[in-house]
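The structure appears right after this line, and notes come after that.
Atom set for the values below is all heavy atoms of this structure, side chains included, hydrogens, waters and symmetry mates excluded. Proteins get letters first, then strands, A, B, ... in listed order; numbering begins at 1 in each.
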Amino acid sequence: MSETPRAWLVKSEPDVFSFDDLMRAPGRTTRWDGVRNYQARNFMRDEMRVGDVVLFYHSNASPPGVAGLAEVASEPYPDPSQFDPASAYHDPTSDRSSPRWWLVDVRATAPLPRLVTLTDLRTDPVIAGLDLPLLRRANRLSVMPMPGAAVDRIVVLAGA
DNA sequence: GCCAACGTTGGC
DNA sequence: GCCAACGTTGGC
């Protein structure tokens, strides 16, 4: 049996860090740092592996939606910002010998030909059958799993 | 800017 | 362990 590659969705506010910003980053890669939610951390620390597909979602945007495709570009490792007193993500209670917060690197693969908006997702019959965590009420998770079928469908909806 | 929903904190 | 208060998220 071959292992099905996992797929994920990560959120970013485009005013802070957009998919275009990731495309322009050195190596089109960035540390997905600053995640301070245990469930999101667990996905990164325990389940993400190099090569997993990542959908890059623009939250707090007009309109919100999936802007591009990326991939997991590193194994999980401790988020350095938790130990940096100058960082907004500094966590003085995290122990270096047992770091609390973990992350992976994320590398841009390709922009989608057009943004697949939250409305697109909510109104698509194929997506509707998939019960995406993203579409649940008041969902606030910043890193979440996505079924492969949803990734395929989003690429279709983007007109690729 | 508003506000509902949610996670975290801390007093008890 | 309970739960009220608080801060944050994120769509609108």
Side-chain angles (χ1 to χ4, degrees), chain A residues 6-25 30-48 52-72 76-106 108-109 111-147 149-151 153-159:
Chain A
R6 293 168 197 276
W8 308 93
L9 179 142
V10 300
K11 295 178 183 174
S12 186
E13 301 190 22
D15 290 350
V16 178
F17 190 81
S18 69
F19 187 77
D20 281 346
D21 292 331
L22 182 58
M23 288 291 291
R24 287 190 290 263
T30 194
R31 273 179 185 147
W32 208 254
D33 63 2
V35 172
R36 295 294 181 267
N37 170 281
Y38 288 104
Q39 198 178 353
R41 176 208 65 183
N42 291 348
F43 286 134
M44 289 200 287
R45 184 191 63 185
D46 304 336
E47 299 194 43
M48 282 191 173
D52 286 357
V53 171
V54 174
L55 300 179
F56 196 109
Y57 179 88
H58 284 172
S59 63
N60 261 313
S62 307
V66 180
L69 299 174
E71 62 184 342
V72 174
Y77 62 100
D79 182 344
S81 69
Q82 71 195 300
F83 302 121
D84 176 3
S87 169
Y89 305 125
H90 182 225
D91 183 350
T93 67
S94 181
D95 179 356
R96 280 183 183 275
S97 66
S98 177
R100 175 171 299 148
W101 305 113
W102 292 66
L103 52 63
V104 296
D105 292 347
V106 172
T109 307
L112 290 171
R114 67 177 191 87
L115 186 81
V116 178
T117 67
L118 185 58
T119 302
D120 291 335
L121 297 174
R122 288 199 189 283
T123 55
D124 182 71
V126 176
I127 294 292
L130 298 175
D131 189 30
L132 299 186
L134 179 70
L135 302 184
R136 289 186 201 138
R137 223 158 83 74
N139 156 71
R140 294 169 56 192
L141 251 194
S142 63
V143 176
M144 69 184 77
M146 290 286 283
V151 177
R153 183 60 179 168
I154 286 165
V155 169
V156 169
L157 291 173

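A:L118 has its CG atom 6 Å from the P atom of C:dG11, to the nearest Å. The nearest whole Å value for the distance from the CE atom in A:M144 to the P atom in C:dG10 is 8 Å. Distance CG (A:N42) to C1' (B:dG7): 14 Å, rounded to an integer number of Å. Rounding to whole angstrom units, CG of residue A:L135 and C1' of C:dC12 are separated by 16 Å. Following rounding to the nearest Å, A:L134 (CG) and C:dT9 (P) show an atom-to-atom distance of 16 Å. Protein atom OH of A:Y89 is 13 Å distant from nucleotide atom C1' of C:dT8, rounded to whole Å. Here the P atom of nucleotide C:dT8 and the CG atom of A:L141 are 18 Å apart, to the nearest Å. Between A:Y38 atom OH and B:dG7 atom P there is a gap of 13 Å when expressed in whole angstrom units.
Checking A:R137 against A:N60, the closest nucleotide of DNA chain B that is more toward the 5' end is the one next to A:N60. Along DNA chain B, the nucleotide nearest A:A138 and the nucleotide nearest A:R36 are compared for position; the residue whose nucleotide lies closer to the 5' end is A:A138.
Between A:Y57 and C:dG11 there is a side-chain N or O to OP1 or OP2 distance below 4.0 Å. The shortest distance between the side-chain N/O atoms of A:K11 and the OP1/OP2 oxygens of C:dT9 is not below 4.0 Å.
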Next on the checklist: Using side chain to side chain contact (heavy atoms under 4.5 Å, CB included), reason through A:Q39 and A:M144 one step at a time and then give a plain yes or no.
Outcome noted: CA-CA 9 Å; A:Q39 198 178 353; A:M144 69 184 77; over 6 Å; no

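At least one side-chain heavy atom of A:Y77 sits less than 4.5 Å from a side-chain heavy atom of A:D105.
Residues passing the side-chain contact (heavy atoms from CB on, under 4.5 Å) test with A:S62, sequence neighbours excluded: none.
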Listing, residues 128-137 of chain A side-chain donor-acceptor contacts under 3.5 Å, not counting sequence neighbours, or none:
| unit_1 | atom_1 | unit_2 | atom_2 | d |
| --- | --- | --- | --- | --- |
| A:D131 | OD2 | A:R136 | NH2 | 3.2 |
| A:R136 | NH2 | A:D131 | O | 3.4 |

